[in-house]
Amino acid sequence: MIANHLKKLPLTRETSLLVLAYLYLPILVLIAYSFNANRTATVWTEFSFAWYGRILANPSIQAAALNSVIVAGIATVCATAIALLAALATYRPFYGQKMVEGGINLPLILPEIVTAVATLLLFMALGIKLGLLTVIIAHVGFCIPFAYLPIRARLNDLDKSLLEAANDLYANPFHTFRRVTLPLLFPAVLSGAVLAFVVSLDDFIMTFFVAGPGSTTLPVYIFSAIKAGVTPEINAISTLMLAISIVLVVLSYWLGQRGKPTT
């Protein structure tokens with residue numbers, strides 16, 4: 001009803017197209033210039049894949065990419081496991097449930113820079129040396145709500161009669177979880193894990209604050225390289241990261257829809 005009224009407002013479609021163009025045209029320009037043979041990023045000469053070959057052979061970029069994958073991989077496994085336990089713990093109503101769920105989802109509400117500064121201060125207060133470990137710990141806390149939401153949503157859609165049938169067949173809670181609940185939740189668990197991996201892989205602000213020597217990830221590397229000027233190499237790295245992120249987000253959505261009950 002509201003959408004139909006909005007469509008009738010003057011210049012609604014034109015305004016929407018202008019907003020979309022403002023958001024996505026710079027990205028399209030970045031992608032196009034990543035195939036530019038000229039060293040100058042804004043001067044087009046001819047189409048070339050040369051910069052992709054150079055970044056794939058660059059040891060600094062390889063090390064940053066490896067750090068990104070290590071951090072994202074470990075953070076995803078830990079965050080997804082914690083999110084699954086949190087979803088199961090908050091599934092049944094209890095006193096203070098809303099407060100607990102709000103605490104789990106707090107990283108989605110707080111500005112990331114606030115969370116990053118607070119995390120940095122915590123590491124400094126505990127005397128923990130900044131490095132790859134601190135980046136992983138920070139990413140685990142930051143990624144939990146992204147893995148939690150798909151799992152929690154799937155729990156709400158579960159057919160309660162299946163759990164009741166397992167209880168009627170004298171299955172204990174562990175067997176009910178292993179043979180009934182987990183298989184039904186598995187697509188949502190994978191969806192949340194992929195989403196958490198994307199968030200961790202692309203994160204810059206949190207990583208920038210808590211990273212130490214030898215823990216540079218690709219977003220931090222890009223930020224440092226941009227200080228010397230934007231080059232086709234930066235465009236190529238950004239394009240590859242964008243492509244990977246799009247593929248993983250589509251995969252997360254597809255996994256989230258698998259096994260979803262239809263009404």
Side-chain angles (χ1 to χ4, degrees), residues 2 72 74-126 128 133-200 203 205-206 209-210 252-253 255-263:
I2 297 176
I74 297 176
T76 296
V77 172
C78 296
T80 304
I82 296 172
L84 176 59
L85 295 176
L88 294 172
T90 57
Y91 174 56
R92 299 186 182 277
F94 60 91
Y95 180 77
Q97 181 182 23
K98 296 297 182 182
M99 185 178 298
V100 173
E101 291 180 343
I104 295 173
N105 295 320
L106 195 60
L108 299 176
I109 303 171
L110 288 176
E112 189 177 355
I113 191 170
V114 174
T115 307
V117 172
T119 306
L120 174 61
L121 292 177
L122 175 63
F123 289 145
M124 293 177 62
L126 296 176
I128 300 176
L133 178 61
T134 56
V135 176
I136 293 172
I137 295 173
H139 278 225
V140 170
F142 184 74
C143 291
I144 288 175
F146 293 94
Y148 171 82
L149 290 176
I151 300 173
R152 188 69 177 82
R154 179 59 61 87
L155 267 174
N156 291 337
D157 295 334
L158 280 184
D159 187 354
K160 310 299 187 299
S161 63
L162 297 175
L163 303 180
E164 294 172 357
N167 292 330
D168 292 340
L169 294 172
Y170 303 102
N172 59 38
F174 174 75
H175 285 97
T176 301
F177 170 75
R178 186 168 67 89
R179 295 184 178 274
V180 180
T181 308
L182 185 58
L184 293 173
L185 290 179
F186 194 66
V189 172
L190 287 180
S191 175
V194 173
L195 189 59
F197 186 87
V198 173
V199 171
S200 176
D203 181 77
I205 297 177
M206 180 70 74
F209 275 85
V210 301
S252 175
Y253 175 80
L255 289 170
Q257 297 301 309
R258 286 191 62 192
K260 193 172 183 180
T262 57
T263 54

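The analysis underlying the following values was restricted to heavy atoms, covering all of them including side chains, and did not include hydrogens, waters or symmetry mates.
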Would you find more than 12 non-hydrogen atoms of other residues, nucleotides or ligands less than 6.0 Å from F94 atom CZ?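 Yes, the 6.0 Å shell around CZ holds more than 12 heavy atoms from other groups.
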
Take atom CD1 of I113 as the centre, draw a 6.0 Å sphere, and report whether it contains more than 12 heavy atoms from other residues, nucleotides or ligands.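 No - once you tally the heavy atoms of other residues, nucleotides and ligands closer than 6.0 Å, there are 12 at most.
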
Minimum-distance pair of heavy atoms, taken over all atoms of [X] and [Y]:
X    : Y    : answer
T80  : T76  : OG1-O, 2.6 Å
F142 : V199 : CE2-CG1, 3.4 Å
I151 : A188 : CG1-O, 3.9 Å
V189 : L84  : CG2-CD1, 4.2 Å
A147 : P150 : O-CD, 3.4 Å
H139 : M206 : CD2-CG, 4.2 Å

Is there a donor-acceptor pair under 3.5 Å between the side chain of [X] and the backbone N or O of [Y]?
X    : Y    : answer
T119 : T115 : yes
T134 : V210 : yes
R152 : T90  : yes

Just to verify, which of L149, I82, I144 counts as forming a side chain to side chain contact (heavy atoms under 4.5 Å, CB included) with I104?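 Among L149, I82, I144, the one meeting side chain to side chain contact (heavy atoms under 4.5 Å, CB included) with I104 is I144.
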
To the nearest 0.5 Å, tell me how far [X] [atom1] sits from [Y] [atom2].
X    : Y    : atom1 : atom2 : result
I74  : I137 : CD1   : CD1   : 10.5 Å
F197 : S252 : CZ    : OG    : 12.5 Å
I136 : C143 : CD1   : SG    : 11.5 Å
Y148 : L195 : OH    : CG    : 15.0 Å

